[in-house]
Protein chains: 2
Amino acid sequence: MAKSPPRTPVWRSIAITLTDDIAQGRYETGAKLPAEAQLAERFGVNRHTVRRALADMAEQGLVHARRGAGVFVAAKPTDYPVGKRIRFHQNIRRAGRVPSKKILRLEVLAADAREADALDLAPGDPVVVYEGLSYADDHPVALARTVFPAERLPGILEALDAHDSITAALKACGVEDYTRRETRITAKLATATQALHLRTSEGAPILRTTGISDDLNGVPIEFGRTWFAGDRVTLTVGDD
Amino acid sequence: MAKSPPRTPVWRSIAITLTDDIAQGRYETGAKLPAEAQLAERFGVNRHTVRRALADMAEQGLVHARRGAGVFVAAKPTDYPVGKRIRFHQNIRRAGRVPSKKILRLEVLAADAREADALDLAPGDPVVVYEGLSYADDHPVALARTVFPAERLPGILEALDAHDSITAALKACGVEDYTRRETRITAKLATATQALHLRTSEGAPILRTTGISDDLNGVPIEFGRTWFAGDRVTLTVGDD
DNA sequence: AGGTAGTATTTGTCTAGTTGTATAGTACAT
DNA sequence: ATGTACTATACAACTAGACAAATACTACCT
C-alpha cells in the first residue's frame, strides 16, 4: 500500500525540524516553545510523538521542560572561539556555561609517523596520549585526542591525571604559556563511538579540528584532534 | 479427493467485499474501518491476509491507513481553480462542498532571504508565518504555508486568528482586495508530515503551488506555498 | 494595593488500542 | 526447485484518551 514507509521515525524528523528552528535563531535562548499540543497540531501527529521528539532534544540539552509552564530553549549552539589561544575552560565559561572534563584514556605510547612529524620527534619516541570528553553544563561538547611529547614534558602524564584542565597540567610541567600554531577544520559524520560519547546519533554532523600548539620558544608541545558535535557548537574565528 | 483450491486468492475476495461495502455506503467517506484484527476475525483469516486486501485497496486510492489510528475511507477528488483571484472558500463552495480551515501555526518570525525577496522586504524584517490546513467537507485538501509582511499589515496576526478566511483577515487589515501576481505549479513527493496532514502516504504525489499576491497598489502582501494531495485535487486554470 | 481562590494551561504519567515491519513456518501449485 | 498464499508470533511506532501535578492567569475580595 504505502510506497515507502518512513524509515526514519516521525518523532526524529520533528526533532530535527525543531532543532533547526532553534539553531537558525527562530526561537531564542530561553524562549518558550509552543505547547506540546500546538506542536502536535502543527506537525499533524499525536502529542506523545511530539513528546518523544522533545525528550530527545532535552536529552541533548537543547531544551528543557517545566511542568505547567512549558518547554524552553535551553541553549543555542555554543560559540567556541578558535584562534591562537585555545583554552577550553575559558571558552566555555565565556559562553556562560560550566566546563568540565572526563578522561577516557591516558597512557604512554610510541609516536607514530604523523605524531612524530607534528611534534618534531623521531618515530617511536614516547608520547603521552590523552583522550577526553569536554562538557559544558554537563552536556558533552567535544571529544579530544591529544598527544604530548613525553620526554619534553616530564611528569605530564601525572599532571594530566591530577589537574582538570590541560592548561593547568602544562603549567605544572613548566609550560607557562602556549599558543596554537595552526588549526585545520573539516566536517565529518559521527562514527558510532563518537556519537555515543557526544550523545548524538551516528551520522550526525561533526566538526573536526586538527591542531599543533607550541610553547613560547616555538617548540611543539601538543598535537591533537578534537571532534565537536556540529549541531551544538559553532566554531568562531577572528578577534583574537 | 483433493478439493479444488480457490482460484481467486482469499485476500482478493476480501478486497472485493470491502470495496462493495464502501460502494454501498456501509462505510462513509472519511469513516474508519474496523481494525485489521476485527476484520481478520470477521473474515476468519489471519490479520496479514486482511492487510493484503487493504494494501490493494489503498493502492487504488480507495482507503488510507494511519499508523496507530486506523484505516479510513479516502475522499473523492475536488476541482480547484487557479487564477488571478484565488479564494479558497469560494472555490470549495463552488465545488458543492463545505469549506473549513485549521490553523497549525501562527507566529511572528524573522524573514529569511527568500521570503524577504518575494515580499520586497529586508532579510530579518518581521513576518507573520501562517501554516494551515484547508478542508472540504471535513476532508483535508490542502496544506498551506503563507507569509505576510508584519509591518505592512498591522494586526494581521490577530486578524488571522480571529477570522476563518484569509480574505476576511486581510480585509480587517485594510486590504480590500488582492490579486495573485503569479502562481507556479510543480509536482513533489509528500514528506512524512505533509502526508500526515493530508491523510495520504509518504511519497504520494503532491501538487505544490508557489505564489505572490499583491494588493490593489501592486504591493506584495502575501507569499505562500500550498501543497495539494495530488490524487484528490485537480487544479484547473482558465476562464478568469 | 495586595492577597486569595478559582480556572484554564501545560507538562508528566498511565493504560489501551492500532497499524507497520520483521521473522519463521506450512501448504500447495506450477 | 521455486514462488505464491496464508498462518503465527513478536515487537516497534503511533494514536487516543484520561487523569494527576505544577504553573500561569484572572477575577474578586478586603
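Below, chains carry the letters A, B, ... as their sequence lines are ordered, and counting in each starts from 1. All values below come from the heavy atoms of this structure, side chains included, with hydrogens, waters and symmetry mates left out.
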- prompt: When you check the side-chain N and O atoms of Tyr27(A) and Glu107(B), is any donor under 3.5 Å from an acceptor?
  reply: yes
Per Ala35(B) side chain, nearest of listed nucleotides dT7(D), dG20(C), dT18(C): dT18(C)
query: Does a distance-only test, which skips hydrogens and angles, find a donor-acceptor pair under 3.5 Å between the side chain of His48(A) and the base of dG17(D)?
result: yes
Lys171(B) NZ: over 12 foreign heavy atoms closer than 6.0 Å: no
message: So, taking the atom named CG in Leu170(B) and the one named OH in Tyr178(B), what distance separates them when rounded to the nearest 0.5 Å?
response: 5.5 Å
- prompt: Taking only side-chain nitrogens and oxygens of Arg52(A), does any of them come within less than 4.0 Å of OP1 or OP2 of dA13(D)?
  reply: no
message: Please pick, from dA8(D), dA21(D), dA16(D), the nucleotide with the shortest atom-to-atom distance to any side-chain atom of Arg67(A).
response: dA21(D)
- prompt: In whole Å, what is the span from the CZ atom of Phe72(A) to the P atom of dA22(D)?
  reply: 16 Å
task: May I ask you to decide whether Asp21(B) forms a salt bridge with Arg42(B), counting only side-chain N to carboxylate O separations under 4.0 Å?
output: yes
field: Value in whole Å for how far the P atom of dT7(D) lies from CD of Glu41(B)
entry: 14 Å
- request: Provide, to the nearest angstrom, the distance between the CZ atom belonging to Arg12(A) and the C1' atom belonging to dC14(D).
  value: 15 Å
- request: Have a look at Arg66(A) and say if it touches a base, only the backbone sugar-phosphate, or nothing, with a 4.0 Å heavy-atom cut-off.
  value: sugar-phosphate
- request: Tell me which nucleotide among dA8(D), dG20(C), dT11(C) gets nearest to the side chain of Asn46(B).
  value: dA8(D)
- prompt: Rounded to whole angstrom units, what separation is found between the CZ atom of Phe43(B) and the P atom of dA5(D)?
  reply: 18 Å
task: In whole angstrom, give the distance that lies between atom CE of Met57(A) and atom P of dT11(C).
output: 13 Å
task: Would you confirm whether His64(B), through its side chain, and Ala74(B), through its main-chain N or O, come within 3.5 Å as a donor-acceptor pair?
output: no
Quiz item: Arg47(B) side-chain donor-acceptor pair to dG20(C) base, under 3.5 Å: yes
message: Please confirm whether the shortest side-chain N or O distance from Gln38(B) to OP1 or OP2 of dT18(C) is below 4.0 Å.
response: yes
message: Can you see if the side chain of Thr49(A) gets near the phosphate of dT15(D) - specifically, an N or O under 4.0 Å from OP1 or OP2?
response: yes
- request: For the pair Phe88(B) and Tyr80(B), name the ring-plane relationship: parallel under 30°, tilted 30 to 60°, perpendicular over 60°.
  value: tilted
Selected nucleotide, minimal atom distance to Ala69(A) side chain, candidates dA24(D), dC14(D), dT19(C): dA24(D)
query: Atom CD1 of Ile14(A) to atom C1' of dT15(D): distance rounded to whole Å?
result: 13 Å
message: So if I take every side-chain heavy atom of Trp11(B) and compare against dT11(C), dT18(C), dA5(D), which nucleotide ends up nearest?
response: dA5(D)
field: Protein-nucleotide distance (Glu36(A), atom CD; dA20(D), atom P), rounded to Å
entry: 18 Å
- prompt: Side chain of Arg232(B), backbone of Thr78(B): donor and acceptor closer than 3.5 Å?
  reply: no
field: Length of the NZ-P vector between Lys32(B) and dC14(D), whole Å
entry: 18 Å
message: For Leu196(B) and Val45(B), find the nucleotide of DNA chain D closest to each by heavy atoms; which residue's nucleotide sits nearer the 5' end?
response: Val45(B)
message: Using a strict heavy-atom distance below 4.0 Å, which residues from residues 130-140 of chain B are in contact with DNA chain C?
response: none
- prompt: Do any N or O atoms from the side chain of Arg199(B) and from the backbone of Ala75(B) form a donor-acceptor pair under 3.5 angstrom?
  reply: no
